Amino acid sequence: DYPAAARSYEESLKGGDPYFIDKTRYKLGWVYFNLQNYPSAIREFLGLLDEKTNQEQDLTDQNVPLAWEALTYAALSFRNMGGPQQAAQYFQEQGSRHYEKYLYLSMGNQYIASDDIEKGISTYRTFMAEHPLHPMAPVFASYILDTYIKHKQKESVLETQLSIAKQFKTESPWFQVNDEKSRSRAKPLVRDALHQLALNAHRLAQESRKDEDYRESIQWYQEFIREFPEEPETRKMHFLLAEALYDTGQFVEAAAAYETVAFHYPALGLDQKAGYNAIVSHEKAGGIDHLLKVVELAQSFADAFPKDPRSPDLLLKSAEVLLDQSETTKSERVLKKLLEKYPSGTMALKAHRLLGYIHTQKGHYEEARDDYGRARNLTPPENTKARGELTKLIATVLFKLGDLHKASNRPLDAARAYASISEEASADDLTPIALFEAGTLYESVEQPKEALNIYKRLIQRVPDSPYTVKARIRVGLLYEGEG
């Protein structure tokens, strides 16, 4: 007989016995609940909570008998009256309560447990709408997100993550008014939301190839990096930001992002892929400043990753850029570093050839001859064209060496330089004139035997040259001079 029970409990409350008052109020609320007199049930259940709990403490920190039972029945009563909107109206009229968050959570969880997903989420959202700056707002947001994830509602998951990212980020009003303990609840949510938003936007961009989709992914990556600069996954997000920038042709920005990933996360070590991509991006960006960054980063990359097969090529590229900028000494230094690290192979061949050019420009013809010779030795025998070009270069620098000695009034040194062409570059067109010059120089210093040997070499090796005719005349004159 619920009506009789209600009257009895009402009379008992009037007695005001403090020992029985909380149990009596709970029983009265329970009777009203069974009588479907939900407003009265709510009055008694919440009255118990108002009287027996301390509003300065969280309910979870208080040991109040029947408190959680009363809260559960109050939530059920609001459900039966229409749900979260009725609860919101009640607290708007009666004033907010410190336990309000738990009542909404209880109500929302009851809906979810009975598979009324929409009503459960509406309950969580109602609390957040009523208390947007509440310390527990992130908890309600996580309940909404988890529910959508569990029920595989992908679009709703993304919408919720977007809302979380905006509502609880560092610059938000919520973040500004809450303490570190409350912020710590929000940070994992914001981190995961930004992470998923960025990856999802990037995936869509790669499928659509649309600039606006790439811009959205770039925005989310940048937001993640700003919000969580110290997170373990931040470097990966920074790398993906660089990839998105590169894919949209923003090579200057991509280069900066790759460079940061590669070299500016010291606790995580160097990143090989990002380091190489930074160099490629600077190269594509063009302009002298970026080319000089290619030089700098190429050398850093080779130092950091000496076993990477791309390192020799990067060092050669660095030397070429420096040479183009007339930084001859720096270019030479890089080439020597390349040869020290990688003394064989295609890049070593090219390095020797480039060093030969540098030494030629400096007038260091003996060094040039040595470098061109080493380059020729590294050239496969079947590559006759390349070997022929290097032979020509050797002959040219030896001839220049002879000219230098001749101009410096060192005829013997000049003669030896000219004569060496027939030994080191015998197939070259310069051989006849070089040998003839050598012969005349030996004559000038009164070394007729050396001159005869040179002229005979010329006649033997290049019998059809115009200089051979002259050489025969000189031979005749020399023999005539000897009687």
Side-chain angles (χ1 to χ4, degrees), residues 121 124-125 128-129 132-248 250 253-254 256-262 264-265 267-268 271 273-274 277:
I121 288 174
Y124 302 142
R125 282 186 171 152
M128 293 179 69
L133 303 180
H134 196 283
M136 288 284 285
V139 175
F140 283 83
S142 71
Y143 272 72
I144 295 170
L145 182 61
D146 290 346
T147 302
Y148 282 136
I149 291 173
K150 181 179 179 181
H151 291 82
K152 299 179 180 180
Q153 298 185 26
K154 292 183 179 180
E155 288 188 11
S156 297
V157 167
L158 286 173
E159 289 173 2
T160 305
Q161 288 171 333
L162 178 61
S163 176
I164 287 171
K166 290 181 177 179
Q167 185 170 353
F168 304 116
K169 64 181 181 180
T170 305
E171 297 173 354
S172 69
W174 182 91
F175 192 91
Q176 300 302 318
V177 301
N178 277 283
D179 60 19
E180 277 304 314
K181 181 179 179 181
S182 301
R183 292 172 180 175
S184 66
R185 298 190 190 105
K187 284 181 179 179
L189 287 172
V190 176
R191 180 193 61 215
D192 294 346
L194 289 173
H195 188 272
Q196 289 303 315
L197 288 165
L199 294 181
N200 185 69
H202 200 166
R203 178 182 58 79
L204 291 175
Q206 289 172 323
E207 292 173 358
S208 71
R209 311 307 296 179
K210 292 180 179 178
D211 285 346
E212 55 265 32
D213 291 336
Y214 273 110
R215 281 195 295 271
E216 184 177 349
S217 70
I218 288 167
Q219 171 198 331
W220 290 124
Y221 285 132
Q222 290 172 333
E223 186 112 8
F224 185 98
I225 294 164
R226 279 196 303 271
E227 289 283 322
F228 303 99
E230 306 297 332
E231 288 291 318
E233 64 263 45
T234 300
R235 181 158 77 170
K236 180 181 178 181
M237 298 294 278
H238 216 140
F239 180 85
L240 292 171
L241 166 64
E243 295 277 271
L245 291 166
Y246 185 92
D247 287 344
T248 51
Q250 300 179 67
E253 294 81 0
Y258 280 130
E259 191 175 342
T260 300
V261 173
H264 299 295
Y265 283 87
L268 301 176
D271 188 291
K273 186 175 182 180
N277 289 354

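Predicted model, so just to flag it, every value in this text is computed and none were measured.
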Review point. Side chain to side chain contact (heavy atoms under 4.5 Å, CB included) between R226 and K169: does it pass, once the steps are laid out?
Key: CA-CA 10 Å; R226 279 196 303 271; K169 64 181 181 180; over 6 Å; no
Worksheet entry | From CA spacing to verdict: side chain to side chain contact (heavy atoms under 4.5 Å, CB included), V190, F175 | CA-CA 11 Å; V190 176; F175 192 91; over 6 Å; no
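- For E227 (side chain) and T170 (main-chain N/O), a donor-acceptor pair under 3.5 Å exists by modelled atom type.
- Applying the 6.0 Å contact sphere to CD of E171 captures no more than 12 heavy atoms from other residues, nucleotides or ligands.
- For H202 against S217, the heavy-atom pair with the smallest separation is N-CB, 3.5 Å.
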Given Y221 and L199, is the side chain to side chain contact (heavy atoms under 4.5 Å, CB included) satisfied, shown in steps? CA-CA 8 Å; Y221 285 132; L199 294 181; 3.7 Å; yes
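- In terms of modelled atom types and a separation under 3.5 Å, the side chain of D211 and the main chain of T248 share no donor-acceptor contact.
- Nearest heavy atom pair, residue A141 against residue T160, reads O-CG2, 4.3 Å.
- When atom types are taken as modelled, the side chain of N178 and the backbone of W174 share a donor-acceptor pair closer than 3.5 angstrom.
- Considering only heavy atoms from C-beta on, E231 stays 4.5 Å or farther from M237 through its side chain.
- If you take CD on Q167 and CG on L189, they are separated by 10.5 Å, rounding to the nearest 0.5 Å.
- To the nearest 0.5 Å, the span separating CG on D192 from CD on Q161 amounts to 8.0 Å.
- For the pair Y214 and D247, the minimum side-chain heavy-atom distance is below 4.5 Å.
- Counting all heavy atoms, side chain and backbone alike, S184 lies closest to P188 at O-CD, 3.1 Å.
- Counting only heavy atoms from C-beta outward, the side chains of L158 and L162 never approach each other to under 4.5 Å.
- Side chains of R185 and S142 form no contact here, defined as non-hydrogen atoms less than 4.5 Å apart.
- Environment of CD in E155: sparse, with no more than 12 heavy atoms of neighbouring residues, nucleotides or ligands closer than 6.0 Å.
- Taking every heavy atom of both residues into account, A242 and A257 meet most closely at CB-CB, 3.6 Å.
- Side-chain contact between V157 and Q196: absent, with no pair of heavy atoms (C-beta onward) separated by less than 4.5 Å.
- To the nearest 0.5 Å, atoms CZ (R235) and OG1 (T260) are separated by 11.5 Å.
- Here the side chain of H151 pairs a donor or acceptor atom with the backbone of T147 at under 3.5 angstrom.
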Check against side chain to side chain contact (heavy atoms under 4.5 Å, CB included), H238 and Y265: CA-CA 11 Å; H238 216 140; Y265 283 87; 2.8 Å; yes
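- Contact record, S172 with K166: CB-O, 3.7 Å, taken as the closest heavy-atom pair.
- Residues V261 and K273 form no side-chain contact, since every pair of their non-hydrogen atoms from C-beta on lies 4.5 Å or further apart.
- The CD1 atom of I164 sits 12.0 Å away from atom CD of E159, with the distance rounded to the nearest 0.5 Å.
- A distance of 9.5 Å separates CD of E223 from CZ of F228, quoted to the nearest 0.5 Å.
- Annotation: the span from I144 atom CD1 to Y124 atom OH amounts to 8.5 Å, rounded to 0.5 Å.
- Ion pair K187/E180 flagged as a salt bridge, since at least one NZ, NE, NH1 or NH2 atom sits closer than 4.0 Å to an Asp/Glu carboxylate oxygen.
- Between F224 and L197 the shortest side-chain heavy-atom distance does not fall below 4.5 Å.
- Between F140 and H134, the ring centre distance reaches or exceeds 6.0 Å.
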